[in-house]
Amino acid sequence: MPKVTEEYIKNKKNMIVRTAYDLCLQKTVSTVTMQDIIDATGLSQGGIYRFYKDIDEIFRDMLIDNRERVTIKQHLDDIFAHTESEDIKSVLHKVFKLLADFMTNELMGIVKINFELSVLSMNAPLRAEKILGEIEGTGNFEYLFIHVSQYLEQNIMSGAMTPKISTEELLTYLTTTYNGIEMSCIINHCYKKLPLMEWYVPKTQLKTLETTLYYLLGLED
C-alpha cells in the first residue's frame, strides 16, 4: 500500500473544509451534517473519518481557513500606519469604507457563517467551545476593535478630540451597533427577504454609524 504523504492529507482536508464552506452557504451552519459532507465530497463513511473525528473539527478548520483566505488585517495595518499625516475623520472614513466593502462582499459568505456560529454558540455552548476554543490569534473584528480603540484613546488622551461620552460608552456603542447592523443585513438578505430590504444595505447603514460617530467624538462640521 503506497505511503500517504502529508501533502495528500493536507489536500484532502482542504477539499473537505472547502466543501463544508460551500454547504454552509447553501444551508444554515447548524443544519449541515457529516452525511452532507460525505455526499458532497464523494468520500466513504470510513474515508472521511480518516481525516476528521466529527463535523465540529471540520468547522474549526473551516474557520481557520476563512481567516487566512479573507482578511482585512493588512488593510487595517496600512490605514493605521499613516495616521500622523491625516486628520482623524479621514482615517476613520477609510476604516468605515473597508468595513462596508468587506460586509458587502462577504454578507452571504463569511459574515453569514460567523453570524450562524454565534447563534450556535448561544444554543450549544459546548459545541461552540469545541469549534472555537482551539483557534489561535485574532479574527477580523477583534483585530479591528484593538486598532480602533487604541487610535481613539490616543487622540482623546492627546486632546485632539473631546468625545461627548466616555471611551467605554463609545466603544460599547460602536461594537453593539456594528453587530446590530451586521445581524439586520444578514437576516433581511439571507432569510426574511422583507419588502424594505433595500434599507438594510451595509454601506448605507455603516455610513449612518460613521456620521453618528463623528458627532459623538465632537468632530461634526
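Computed from a predicted structure; not experimentally measured.
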Do [X] and [Y] have side-chain heavy atoms sitting under 4.5 Å apart?
X	Y	answer
Ile156	Pro163	yes
Ile187	Phe115	yes
Lys12	Leu43	yes
Leu152	Leu217	yes
Tyr143	Ile72	no
Asn140	Arg67	no
Phe59	Cys24	yes
Tyr214	Leu92	yes

Taking it one step at a time, do Lys97 and Asp101 satisfy salt bridge (Lys or Arg N to Asp or Glu O under 4.0 Å)? CA-CA 6 Å; Lys97 184 180 185 306; Asp101 290 341; 3.0 Å; yes
Check against side-chain contact (heavy atoms from CB on, under 4.5 Å), Ile37 and Thr33: CA-CA 7 Å; Ile37 298 175; Thr33 65; over 6 Å; no
Looking at [X] and [Y], what are the two nearest heavy atoms and their distance?
X	Y	answer
Pro202	Cys185	N-SG, 3.8 Å
Met62	Ile113	CE-CG2, 3.9 Å
Ile110	Tyr21	N-OH, 3.8 Å

Does any donor atom in the side chain of [X] or [Y] lie under 3.5 Å from an acceptor atom in the other side chain?
X	Y	result
Asp22	Gln26	no
Gln45	Gln35	yes
Asp61	Tyr52	yes
Thr31	Thr28	yes
Ser166	Glu169	yes

Among Glu86, Glu210, Lys207, find the one that has a side chain to side chain donor-acceptor pair (under 3.5 Å) with His93.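 Answer to the side chain to side chain donor-acceptor pair (under 3.5 Å) test with His93 among Glu86, Glu210, Lys207: Glu210.
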Check: [X] side chain, [Y] main-chain N or O, donor-acceptor pair, under 3.5 Å:
X	Y	answer
Glu57	Lys53	yes
Ser121	Ser118	yes
His147	Glu142	no
Thr177	Leu174	no
Tyr200	His189	no
Thr71	Glu68	no
Asp36	Val32	no

Would Val29 end up clustered with Met122 when hydrophobic side chains under 4.5 Å apart are linked, directly or stepwise? yes
Are Ile146 and Leu99 connected in the hydrophobic side-chain network, where two residues link if heavy atoms are under 4.5 Å apart? no
Does Lys73 come within less than 4.0 Å of Asp77, counting only side-chain N to carboxylate O? no
Charged N-O contact under 4.0 Å between Lys94 and Asp78: no
In Å and rounded to the nearest 0.5 Å, what is the [atom1] to [atom2] distance from [X] to [Y]?
X	Y	atom1	atom2	value
Leu63	Ile58	CG	CD1	12.5 Å
Thr5	Ile9	OG1	CD1	7.0 Å
Asp56	Lys130	CG	NZ	5.0 Å
Arg69	Ile64	CZ	CD1	13.0 Å

Which is it for Asn114 and Glu182 under the side-chain contact (heavy atoms from CB on, under 4.5 Å) test, yes or no, and what are the steps along the way? CA-CA 10 Å; Asn114 288 343; Glu182 186 178 79; 5.9 Å; no
One pair to check against salt bridge (Lys or Arg N to Asp or Glu O under 4.0 Å): Lys112 and Glu116. What are the steps and the verdict? CA-CA 6 Å; Lys112 168 188 177 290; Glu116 291 174 352; 3.0 Å; yes
Other residues, nucleotides, ligands: >12 heavy atoms within 6.0 Å of Lys164 NZ: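 Yes.
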Run the side-chain contact (heavy atoms from CB on, under 4.5 Å) test on Tyr173 and Leu213 for me, step by step, so that the C-alpha distance in whole Å, both residues' side-chain angles and the decisive distance to 0.1 Å come before the verdict. CA-CA 9 Å; Tyr173 172 77; Leu213 176 60; over 6 Å; no
Which residues satisfy the side chain to side chain contact (heavy atoms under 4.5 Å, CB included) test with Phe141, sequence neighbours excluded?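 Phe141 satisfies side chain to side chain contact (heavy atoms under 4.5 Å, CB included) with Leu144, Thr175, Tyr178, Asn179 once adjacent residues are dropped.
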Apply side-chain contact (heavy atoms from CB on, under 4.5 Å) to the pair Tyr49 and Asp54, showing each step before the final yes or no. CA-CA 7 Å; Tyr49 285 105; Asp54 55 36; 5.5 Å; no
